[in-house]
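Here's the structure we're looking at; comments come further down.
Atom set for the values below is all heavy atoms of this structure, side chains included, hydrogens, waters and symmetry mates excluded.
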Amino acid sequence: MKTGIKGIRRVSAVAVMAAGAVLSAGALAPAQAATVATPTITAKGGFVMNNGTGKSLYTKAADTRLSTGSTTKIMTARVVLAQPNLNLDAKVTVQKAYSDYIVDNNWASSARLIVGDKVTVRQLLYGLMLPSGCDAAYALADKFGTGSTRAARVKSFIGKMNTTAKNLGLKNTHFDSFDGIGHGANYSTPRDLTKLASNAMKYSTFRTVVKTKSTKQKVTTKNGGYRYMEWKNTNPLLGTYSGAIGVKTGSGPEAKYCLVFAATRNNKTIIGTVLASSSVDNRTVDAKKLLDYGFKK
């Protein structure tokens with residue numbers, strides 16, 4: 001009889017242990033279900049990182065060289081902001097060459113600068129980054145390059161862009177233009193562009209400019225009067241995605257649709273890039289997916 005009771009106790013103990021194991025497994029199930037699914041994007045390449053730690057959160061062809069379109073202008077602004085003794089209020093006279101450049105490149109985006117107007121370097125940065133003005137990019141390259149001719153100054157400025165890329169360790173990046181209208185050798189990668197943007201965001205002026213949805217700037221006319229220039233940001237995330245703080249759109253026949261993006265929530269900043277997305281709408285969807293994913297990681 002005693003032996004039978006012991007046997008029953010042993011069976012009961014085993015049953016309790018088994019039930020405990022089942023309960024434990026059940027308790028773990030919600031945690032496993034909460035695993036964040038890796039998003040699918042239409043863009044050929046994508047990269048996301050935690051801007052505070054530099055930790056990579058998402059990669060898709062992150063080191064594949066692709067055309068950058070107007071995201072190139074992040075480097076244009078970065079080179080300008082790194083100039084020694086930079087005077088953001090220094091005035092630049094708009095040259096006919098800048099407007100002719102827009103005409104010659106009939107798909108070029110424009111800040112609609114008017115020949116003879118005097119605009120400040122700060123205003124040119126707004127014209128560069130908000131409406132993605134290729135004329136503003138030209139003006140900045142002409143202003144901050146060195147040489148006795150405009151062509152020499154532009155060449156010098158592009159050289160500074162490539163030197164900066166090298167100094168920042170962007171091994172898969174090269175520029176042959178100041179604005180993204182490349183000549184066969186203007187490329188970067190999702191990872192490199194994200195790192196470039198992260199570095200550029202260290203400049204307070206850059207941060208202020210790229211998070212601005214629209215601006216109205218007073219400029220001096222050729223005759224000494226004044227006019228107002230109004231520019232709207234081409235970045236669709238500003239005002240539509242909670243916490244969005246930048247950075248830059250890009251597009252072109254080769255580049256397709258690109259977006260370098262950043263957002264901050266609860267003191268956490270996520271920054272990333274999508275290159276060669278299939279449409280304007282899809283690049284926005286891609287960026288939002290990657291930001292959502294980054295904040296959950």
Side-chain angles (χ1 to χ4, degrees), residues 68-83 86-162 164 175-186 200 205-206 209-210 212 214-234 248-253 255:
T68 57
S70 286
T71 60
T72 296
K73 290 167 181 151
I74 297 170
M75 180 60 89
T76 308
R78 168 64 174 74
V79 169
V80 170
L81 291 169
Q83 296 301 303
L86 176 66
N87 179 7
L88 289 168
D89 296 317
K91 291 190 175 180
V92 176
T93 301
V94 178
Q95 304 295 314
K96 185 174 183 293
Y98 311 155
S99 57
D100 286 348
Y101 178 79
I102 297 296
V103 175
D104 292 341
N105 295 276
N106 56 18
W107 63 270
S109 48
S110 173
R112 300 186 181 279
L113 301 178
I114 297 173
V115 177
D117 280 4
K118 291 180 173 59
V119 295
T120 67
V121 172
R122 190 192 312 274
Q123 289 170 335
L124 284 174
L125 288 170
Y126 277 100
L128 174 78
M129 300 302 286
L130 272 64
S132 197
C134 294
D135 45 356
Y138 197 168
L140 290 167
D142 192 10
K143 165 73 174 175
F144 291 101
T146 56
S148 57
T149 66
R150 184 173 291 117
R153 290 190 292 274
V154 167
K155 183 178 180 180
S156 163
F157 187 86
I158 295 169
K160 291 181 180 182
M161 294 170 71
N162 286 315
T164 302
F175 301 105
D176 66 1
S177 73
F178 47 73
D179 58 358
I181 302 178
H183 307 283
N186 207 90
T205 298
F206 186 89
V209 169
V210 298
T212 301
S214 64
T215 186
K216 188 175 182 179
Q217 298 284 330
K218 184 178 180 179
V219 303
T220 305
T221 65
K222 183 178 181 179
N223 298 323
Y226 66 87
R227 78 173 91 248
Y228 286 98
M229 303 296 289
E230 294 188 51
W231 295 310
K232 292 182 179 179
N233 204 317
T234 58
K248 185 72 185 74
T249 60
S251 61

**Study point:** Test item: Asp176 side-chain N/O and His183 main-chain N/O as donor-acceptor pair under 3.5 Å
**Key:** yes
Are [X] and [Y] close enough that some pair of their side-chain heavy atoms sits under 4.5 Å apart?
| X | Y | value |
| --- | --- | --- |
| Tyr126 | Thr212 | yes |
| Val219 | Leu113 | no |
| Asn105 | Tyr101 | yes |
| Asp135 | Asp179 | no |
| Leu128 | Leu124 | no |
| Gln95 | Tyr138 | no |

Taking all non-hydrogen atoms of both residues into account, name the closest pair between [X] and [Y] and its distance.
| X | Y | result |
| --- | --- | --- |
| Val121 | Val80 | CG1-CG1, 4.0 Å |
| Arg150 | Asp142 | NE-OD2, 3.0 Å |
| Ala152 | Ser148 | CB-N, 4.5 Å |
| Ser110 | Pro131 | O-CB, 3.9 Å |
| Gly180 | Thr72 | CA-OG1, 3.4 Å |
| Ala200 | Arg78 | CA-CD, 4.3 Å |

Check your understanding: Around atom CZ of Arg112, are there more than 12 heavy atoms of other residues, nucleotides or ligands at under 6.0 Å?
Key -> no
Revision key, fill the gap. Taken in chain and number order and not counting sequence neighbours, the residues that satisfy side-chain contact (heavy atoms from CB on, under 4.5 Å) with Thr234 are Lys248, Thr249
What distance separates [X] [atom1] from [Y] [atom2], expressed to the nearest 0.5 Å?
| X | Y | atom1 | atom2 | answer |
| --- | --- | --- | --- | --- |
| Phe175 | Met161 | CZ | CE | 5.0 Å |
| Ser214 | Leu130 | OG | CG | 8.0 Å |
| Leu81 | Leu88 | CG | CG | 6.5 Å |
| Ser109 | Ile181 | OG | CD1 | 7.0 Å |

Point to revise | Lys73 versus Ser70, side-chain donor and acceptor atoms under 3.5 Å | key: yes
Review point. So, Asn186 and Thr68: side-chain donor and acceptor under 3.5 Å apart, yes or no?
Key: yes
Exercise for review: Please say which of Gln217, Met229, Lys118 ends up in a side chain to side chain contact (heavy atoms under 4.5 Å, CB included) with Gln123.
Suggested key: Gln217
Revision key, fill the gap. The complete set of salt bridge (Lys or Arg N to Asp or Glu O under 4.0 Å) pairs with one or both residues in residues 86-97, sequence neighbours excluded, reads Asp89-Arg122, Lys96-Asp100
Exercise for review: Decide side chain to side chain contact (heavy atoms under 4.5 Å, CB included) for Met129 and Asn233; before the verdict, give the C-alpha distance in whole Å, the side-chain angles of both, and the deciding distance to 0.1 Å.
Suggested key: CA-CA 7 Å; Met129 300 302 286; Asn233 204 317; over 6 Å; no
Practice item. Taking the six-membered ring for Trp and the full ring for Phe, Tyr or His, determine whether the centres of Phe157 and Phe178 are under 6.0 Å apart. Key: no
